[in-house]
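What follows is a set of notes on a single structure, which appears directly below.
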Amino acid sequence: LAGLFEAQAARTPHATALVFEDTRLTYAELNTRANRLARHLLTHGAAPGNHVAVLLPRSPDLVTALLAITKTGAAYLPLDPHHPTDRITQLLHDTTPTTTLTTTHTCLLYTSDAA
């Protein structure tokens with residue numbers, strides 16, 4: 001998947017790759033964001049055979065995160081911020097991801113649900 005995306009980004013860098021509400025990203029922009037995040041994830045243990053948990057709402061950041069994780073070779077564990085706290089906790093316990101991607105807002109929402 002990562003290779004196919006890279007090839008498309010090279011062929012049509014200025015074409016629209018993602019539209020979400022008022023955000024538009026070209027293939028080049030999305031690829032640049034994903035590469036930057038992938039490099040960061042590699043320093044936090046993302047690699048083939050490892051899992052990265054993703055606790056993000058539907059957004060351009062979610063697409064960027066999934067593409068970045070794919071580029072590292074790690075598997076992603078998508079977590080729905082609207083699921084019950086117990087369910088998310090059990091999934092994290094069962095999978096033991098090397099790291100978790102989230103936002104301050106989602107993290108606060110999750111931790112306030114847990115309280």
So does His51 get a backbone contact from the side chain of Thr98, meaning a donor-acceptor N/O pair under 3.5 Å?
yes
Check: Thr26 side chain, Ala15 main-chain N or O, donor-acceptor pair, under 3.5 Å
no
Does a side chain donor of either Gln8 or Arg11 reach within less than 3.5 Å of an acceptor in the other side chain?
yes
Under 3.5 Å donor-acceptor pairs involving side-chain atoms of residues 61-73, not counting sequence neighbours:
from: Thr64; atom 1: OG1; to: Pro60; atom 2: O; distance (Å): 2.9
from: Thr70; atom 1: OG1; to: Leu66; atom 2: O; distance (Å): 2.8
from: Lys71; atom 1: NZ; to: Glu6; atom 2: OE2; distance (Å): 2.1
from: Lys71; atom 1: NZ; to: Asn31; atom 2: OD1; distance (Å): 2.6
from: Lys71; atom 1: NZ; to: Asn35; atom 2: OD1; distance (Å): 2.7
from: Thr72; atom 1: OG1; to: Ile69; atom 2: O; distance (Å): 2.7
from: Thr72; atom 1: OG1; to: Ala74; atom 2: N; distance (Å): 3.2

For Phe5, enumerate each residue passing the ring-ring contact (aromatic ring centres under 6.0 Å, His included) test, keeping only those at least two apart in sequence or located in another chain.
Tyr27
Shortest non-hydrogen contact between Ile88 and His83, atoms and distance:
CD1-O, 3.8 Å
Check: Thr100 and Val52 side chains under 4.5 Å, non-hydrogen atoms
no
When rounded to the nearest 0.5 angstrom, what is the spacing between CD in Glu29 and NE2 in His14?
9.5 Å
Quick one: do Leu37 and Leu30 end up in the same hydrophobic cluster if we chain Ile, Leu, Val, Met, Phe, Trp and Tyr together by side-chain heavy atoms under 4.5 Å apart?
no
Measure the shortest side-chain to side-chain distance between Leu56 and Pro81 over non-hydrogen atoms and say whether it is less than 4.5 angstrom.
no
How long is the gap from OG1 on Thr16 to CG on Leu18, to the nearest 0.5 Å?
9.5 Å
Chi angles and distances behind the side chain to side chain donor-acceptor pair (under 3.5 Å) call for Gln90, Asp86:
CA-CA 6 Å; Gln90 186 63 44; Asp86 291 345; over 6 Å; no
For residues 39-46, dump all side-chain donor-acceptor pairs below 3.5 Å to protein atoms at least two apart in sequence or in another chain.
from: His40; atom 1: NE2; to: His44; atom 2: NE2; distance (Å): 3.4
from: Thr43; atom 1: OG1; to: His40; atom 2: O; distance (Å): 2.6

So Thr99 and Leu101, do their side chains get closer than 4.5 Å, heavy atoms only?
no
Minimum heavy-atom distance His93-Thr96, with the two atoms named
O-CG2, 3.4 Å
